[in-house]
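In what follows, chains carry the letters A, B, and so on, assigned in the order in which the sequence lines appear, proteins first and then strands, with residues in each chain numbered from 1.
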Amino acid sequence: MRIRRPSVVVLSGLLAATLGAVTAPSTALGQPASATTAAEPNQVTNLTVTQADGYATLAWTPVEGATDYQIERTPVDANDEPIGPSVVVGIWRPNRQINNDSPTFADAGFNPGDRFRWRVRARFGTEEQPYSAPVTGTTLQPWGDPDVPGENLRTQWETTKAAQYTSDTNEYAYTAEIDRLSDRVRVVEIGRTVLGRPINMFVFGYPTPPTTPEAVAATSPVAINCNVHGNEPGDREACLIMARQLAFSNDPRIIDILSHTTVLIVPTINGDGRAANTRGNSTGQDLNRDYSLIRQPETAAFVRMVRDYRPIASYDGHEYGNTRAGDLPMLPPRHQNVAQSIFDQSQDMIEGFMYARGAEDGWWPCPYGCEGGGNVGLGEETILRNTLGLKNVVNSLLELRSSGGQTRPDEGNTANNRRRKTYSALWTFHRLLDYHRAKAAEIKRARAEAIGFQASNSGRIVFRGSHPIPARPAPHPAEAVPPLDEPRPDMILDDAPCAYKLTPEQYLGARTDGPGGVGATLAERIAAHGWKVVKAADGYYVPLAQPERGLIPLLLDAQGAEEWVGGQRVYPTLTGRHNGPLTVTGFTCIADGTVNGPVTVQPGATLVAYRTTFNGPVTATGAAGVVLGDVTLHGPLQVANSAGPVSLVGNTVSGPVNLVGNGGADAPLVAGNTINGPLSCTGNAAKPTAIEVPNSVKGPRSGQCAAL
Amino acid sequence: MSEPHRAAAVPTGRPRRPHRPTPVGPHRPRVRRPLRLTLLAATVALAAVAAGCSGGDPDAPDTPDPAAAATATGGVSGPLCASLPTGTDPGNPESLAGEPVDVAVRWIPVLTTFDAAVRATGLAAELRGAQGVTVLAPTDDAFARKFSASNLDELLIHDRDTLRQLLRAHLVDGSYSLAELVAAGSVTTMDGTRLTVAPAESTARIGDVAQAVCADYRVAGGRIHLIDAVLGNLPTTAGRDDDPAH
Ligand SMILES: [Zn+2]
């Protein structure tokens, strides 16, 4: 692969620094503790130290009556003679973990590769009890064999021992080298920042990553967004290290993960803000208040990526100034329009998985907000956590507590502080991959259920307001949770419309809400989100009976908290029972209906139906659009030669389904349907897609739908 | 890394380096204001004395000589120095001796905000051009105690003239050790503000608001003294309720 000359220049510096920084690796790891019985009353026993990437997990047998524990670390030489002061580096508190009978503490912040002696002692109140017998061990070197090409790459942050963060140019050189040296990765530019910096994404798979976004989507990928706030760089460094591991590690666990899915890593969505050390992008816009609105090129790029690559699980990395928080505050998508199954699965990832693994490895995940968290962690759909939930992605926010706080007293040293943060993020992102690997089937079911729910256009619409995060009895990581954030009455719309109608001016008109007063049109933004839009004679209809139903009204209803426009609410034209043939002209929307008789959609007409039963055939020829969600159809369904979108989600059809010659630019969506009959698709301009929500088809599948 | 390399045309789908970002801030003034003579004339004379003096200045009897304390720590002294790169670690004080001010601040890990401000305001070249400069550099903690996150973004992105003036409140024309500043008893910064410099604990108190926490980084053409508070006259906005969440 071609290397551009500037890369070589940057790279040679990179490698030289790398090789200079890597010393002979030491192989001696933690030794098992010998003291299994307490020599003194209340002495900690059975201390063990297990080395991992950038941290060491200490575990011990609890002392009856202890209120907390202190962790002491002493640097030692190869003969275990102290070469520096003994320092209390950690305080273990009962709310760190869910199981207080097996205390653990992830010690971190040290320079990886150095050798230490650890001891732990209990305290009763402020009364210090005797220290445990010491355990010595050599911590793991930065990941990667210095003698193996690729593995020996190091970031600027690593070579400078965390004195400097990795610059933009160093990131690009490092990224290019990983791309060049590993078959497992493809690096794609998903967009550009306002100032023209590339927004790269690593695409990892084994033995090679799928070659198209559609092929990646078919693997139900997992995604990490590493750095949206430019002044919160800790997660990004973890992502860059993780990229090296995924590219070159022969650990069976890594190979297994990459053999089963695709890992997507966006190291720097806000390259301009990172370079300037600002929270916002170069216009000052907080990008994590823009993921629904996508006024900025950075967020628009990310949203298009989600549309095309369709990750099913994700983390979004941040840092957090609350000194009383745990190590790793996390929070699921909470907006009340997020489907319950997505909220529940995200909570399972955090409370069911991260808390459990945290207790094993000694890290302290907790709900965002935490003690003293204030009015944070709410339901703004502009925040990626919520935007992704409204896109049916199981996901979480990740915070790295900015300071050492009350439980890591040795972080006055900046490098120690930075290393603890980055390696805790690295731990979290690896656990995300583990969760995805272990629970992919459950996540896909939750996603399918959510998409089916959304397409049924069921229940009220909430413009702002959150699902509650349950508090747990103390001591527990979730003993303090973010505010309830119930929707205010003016943020609730009980009677959801069928669709929003936009005028050509609203849909196609120039906007001023982007950088420099220039914004993309709604047509472009709606396309970026991937919504179906019906172009009718009297305007543009955005039906709610589609997978992102929870997000659509937030942007198109005048009652929204941060909407694009006030579109016209269009209510169903038919509910209840209709006997006899039904000829659809213009825009027809049927909700909670029963139609006994054949339905014929005339050329140029639009049929939207949800939670409706049709007893009789449904035939559309040359329609402007056909959108069916949660429909029961006793009879054949034929949709031919439509000019606009075709969307069939969560329907039950007793009869054959034929999609023929539909011409819309969007692929017909055929997802989560039960078809008791054959499914045949031929001559459609774009091959129909199920967006990884399987259909149950009793009869043969043929043509373009053979694989659905 | 100092300067980004120039962009090269690259095929789609490969990692790309950026176009050279377009400067978006106000233009850096091409004409430098005349730098004011900032120290009392007596100080200049004292500088020569201080260089060879290990017994401390009789005018400042309570102050341990920072220069003497510095010898074991690469020339720097103060309570924060031990928390910064030391020994042979990247960014240690000796390694910065040949670096210009704007490069050196990138190696001192508690100066990320100050570094960002220098770059945002385009002051780097000016700092390099000076015959000698003393930098009273507030730490990241100092900036966080002074400005809310949104206020800081506003300064870095939109209000660079104000930020530049703020930086001038932290720059002194001429390269002076902390001992020299203490001996002089006061100093005038490039924004024209005269600040008292008084011995305090093991270092010095500057302008009644700031303490030198790691002093005497010797860099090319200057000195850097890390201080624990932001100088100048901008209002304090930290702790306002508008600090954003994630
Ligand atoms: Zn953040």
Next item on the list: Indicate the atoms forming the closest heavy-atom contact of A:Ala276 with B:Ala116, along with that distance.
Entry: O-CB, 3.4 Å
Check: Non-hydrogen atoms of chain B under 4.5 Å away: do they reach the side chain of A:Thr283, the backbone, both or neither?
Finding: backbone
Note to self: For chain A, which candidate among B:Gly91, B:Ser83, B:Ala117 shows the most heavy-atom pairs at distances under 4.5 Å?
What the structure shows: B:Ser83
Next item on the list: Please flag which part of A:Asp410 lies under 4.5 Å from any non-hydrogen atom of chain B: side chain, backbone, both or neither.
Entry: neither
Next item on the list: Drop me the distance from B:Thr113's OG1 to A:Asn231's CG, to the nearest 0.5 angstrom.
Entry: 8.0 Å
Item checked: Approximate separation, where rounding is to 0.5 Å, of A:Arg418 CZ and B:Thr112 OG1 -> 6.0 Å
Next item on the list: Kindly say whether B:Leu152 contributes a backbone atom to a donor-acceptor pair with the side chain of A:Arg279 at under 3.5 angstrom?
Entry: no
Note to self: Once rounded to the nearest 0.5 Å, what's the spacing between atom CG of B:Asp141 and atom OG1 of A:Thr414?
What the structure shows: 8.0 Å
Item checked: With A:Thr382 via side chain to side chain contact (heavy atoms under 4.5 Å, CB included) - residues at least two apart -> A:Arg289, A:Ser292, A:Leu293, A:Glu380, A:Arg464, A:Glu562
Checklist line | From A:Thr160 atom OG1 to B:Asp89 atom CG, the distance as rounded to the nearest 0.5 Å | finding: 10.0 Å
Note to self: Nearest 0.5 angstrom please: A:Thr278 OG1 to B:Leu156 CG, how far?
What the structure shows: 6.5 Å
Note to self: How long is the straight-line distance from CG of A:Asp272 back to CD1 of B:Ile157, given to the nearest 0.5 Å?
What the structure shows: 9.5 Å
Checklist line | Residue B:Ala144 versus chain A: region with a heavy atom under 4.5 Å | finding: neither
Next item on the list: Would you mind telling me which of A:Met201, A:Glu411, A:Arg385 has the largest number of heavy-atom pairs within less than 4.5 Å of chain B?
Entry: A:Arg385
Check: Relative to chain B, which segment of A:Ala163 carries a heavy atom at a distance below 4.5 Å: side chain, backbone, both, or neither?
Finding: both
